[in-house]
Amino acid sequence: MAFRTARNLAYFSNYIRNYSTNGPLVNVTVNEKSGFATATLQRPSVNSLNLELLTEISHTLQQLEKNKCRGLILTSASNKVFSAGLDLFELHKPNADKIKQMWSTLQEVWIKLYGSSYPTVAVVNGHAPAGGCMLALSCEYRVMLNNFIIGLNEAQIGFSAPMWLIDGMRNTIGSRQAEFALTAGTLFKTEEALKIGLVDEVAQSKEEAIEKAEKFLNKFAKIPPHARSMTKAALRGANIQALVRNKDEEVRSYVDFVTDSQFQDSLGEFIELNLKQKLSK
Ligand SMILES: CCCC/C=C\CC(=O)SCCNC(=O)CCNC(=O)[C@H](O)C(C)(C)COP(=O)(O)OP(=O)(O)OC[C@H]1O[C@@H](n2cnc3c(N)ncnc32)[C@H](O)[C@@H]1OP(=O)(O)O
């Protein structure tokens, strides 16, 4: 194929890069000029994290690392929900093998996103409870749109967030606020989240949020990427290593916990109370 113009060439290379990372549940576009990638979660209707979506996010992060991504903006195709967290219908009356894979892939996603060598921003353009908040917290910067909620509400559902996520929350909002928030399973409105430092900026539209995200990523334009990533690794490495050491044990105890009848009862009640779609009896 002959490239008649530089524009044609740029279009083709953009196509190749999109092609290599895109899947049905995560759309990735790369701005050839800035080198920034935008990964858009698009699992209808609320980007709940089932095994398929988690696997695709994990694959996307791996590809971005391999392609020496200059910066990532993580966002949602929905204008109401960034991500509703783990797929609660898949946690209810589960297949133990699938739950095992789900948790292990969730750990992988956190390790890759929290530990990425490139800078990351979450454009939180919708609600972000539990696993949705986890994705946003793994990024280095959060820009959130007004009138949504974000937080780690695991306690309300009947379990505790894992240690690595508690540490992420603590590092972001401080120990005292983290203790209040996690023990009560608080979901914060955008303005409240800004006040406690759970999000960094508020935007009125997705376009404005993307602009703010790019402005954050551009701060690193003159910083040598290896110096930036070494510093990030020094700051985040201990948390990652703690999970890596305990990965299999955590999966085992999580599977035991989720399959226990006491948790299943409390999850069933939560679903009945909070989600429109009722359980099939
Ligand atoms: C994260 C790492 C460690 C911790 C591990 C796990 C923690 C978790 O992630 S557990 C998941 C916790 N998630 C929640 O508590 C969110 C529950 N959902 C909501 O609060 C609301 O749905 C939400 C605020 C996200 C959106 O509200 P609405 O815009 O009003 O939408 P609906 O409530 O009508 O929901 C639309 C549609 O989506 C289904 N849904 C919502 N959340 C989930 C979910 N987590 N899993 C699966 N499905 C979900 C809901 O049932 C509706 O379905 P339909 O009735 O078929 O339309």
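Each ligand, and each atom within it, is numbered from 1 in the order the structure gives.
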I want to know if ligand 1 touches [X] in the polar sense, i.e. an N/O pair below 3.5 angstrom.
{"X": "N274", "answer": "no"}
{"X": "G85", "answer": "no"}
{"X": "L275", "answer": "no"}
{"X": "I157", "answer": "no"}

Could you list which atoms of ligand 1 come closer than 4.0 Å to a heavy atom of [X]?
{"X": "F270", "result": "15 (O)"}
{"X": "K80", "result": "29 (O)"}
{"X": "N153", "result": "14 (C), 15 (O)"}
{"X": "W103", "result": "3 (C), 5 (C)"}
{"X": "G131", "result": "1 (C), 8 (C), 9 (O)"}
{"X": "F159", "result": "5 (C), 6 (C), 7 (C)"}
{"X": "L106", "result": "2 (C)"}
{"X": "F89", "result": "47 (C), 48 (N), 51 (O)"}

(request) Sort out for me which residue in T40, T38, N125, N27 forms a side chain to side chain donor-acceptor pair (under 3.5 Å) with T75. (result) N125

(request) Check the pair V109 / L135 against side-chain contact (heavy atoms from CB on, under 4.5 Å), numbers first and verdict last. (result) CA-CA 8 Å; V109 165; L135 290 175; 3.9 Å; yes

Would you kindly specify which portion of [X] sits under 4.0 Å from ligand 1, judged on non-hydrogen atoms: side chain, backbone, both or neither?
{"X": "E154", "answer": "side chain"}
{"X": "A161", "answer": "neither"}
{"X": "S48", "answer": "side chain"}
{"X": "L49", "answer": "neither"}
{"X": "V46", "answer": "side chain"}
{"X": "S45", "answer": "side chain"}
{"X": "L152", "answer": "neither"}
{"X": "W110", "answer": "neither"}
{"X": "F148", "answer": "neither"}

Just wondering, more than 12 heavy atoms not from [X] lying within 6.0 Å of its [atom1]?
{"X": "K212", "atom1": "NZ", "answer": "yes"}
{"X": "R43", "atom1": "CZ", "answer": "yes"}
{"X": "K112", "atom1": "NZ", "answer": "yes"}
{"X": "M230", "atom1": "CE", "answer": "no"}

(message) We want to know whether D87 and S48 form a side-chain donor-acceptor pair, criterion being a heavy-atom distance below 3.5 angstrom.
(response)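 S48 and D87 do have a side-chain donor-acceptor pair below 3.5 Å.
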
(request) Give a yes-or-no answer on whether the side chains of K232 and S116 include a donor-acceptor pair shorter than 3.5 Å. (result) yes

(message) I'd like the name of whichever of G185, P129, A130, A84 reaches closest to atom 13 (N) of ligand 1 through any heavy atom.
(response) A84

(request) Tell me which one of L165, I149, L86 gets a heavy atom nearest to atom 9 (O) of ligand 1. (result) L86

(message) Taking Y114's backbone N and O only, do any of them form a donor-acceptor pair with R236's side chain (distance below 3.5 Å, no angle check)?
(response)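 Judged by distance alone, yes, a pair lies under 3.5 Å.
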
(message) On a heavy-atom basis, which atom in F263 and which in G158 lie closest, and how many Å separate them?
(response) CD1-O, 3.9 Å

(request) Write down the atom of V251, the atom of Q107, and the distance for their closest heavy-atom approach. (result)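 Closest heavy-atom pair between V251 and Q107: CG2-OE1, 3.4 Å.
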
(request) For the pair E249 and R252, find out whether any cationic side-chain nitrogen is under 4.0 Å from an anionic carboxylate oxygen. (result) yes

(request) Sequence neighbours left out, what passes side-chain hydrogen bond (donor to acceptor under 3.5 Å, both in side chains) with E211? Give chain and number order. (result)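 None.
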
(request) Check the hydrophobic clustering (I, L, V, M, F, W, Y; side-chain heavy atoms under 4.5 Å; chains of links allowed) and say if L25 and L74 are grouped together. (result)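 Yes, L25 and L74 fall within the same hydrophobic cluster.
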
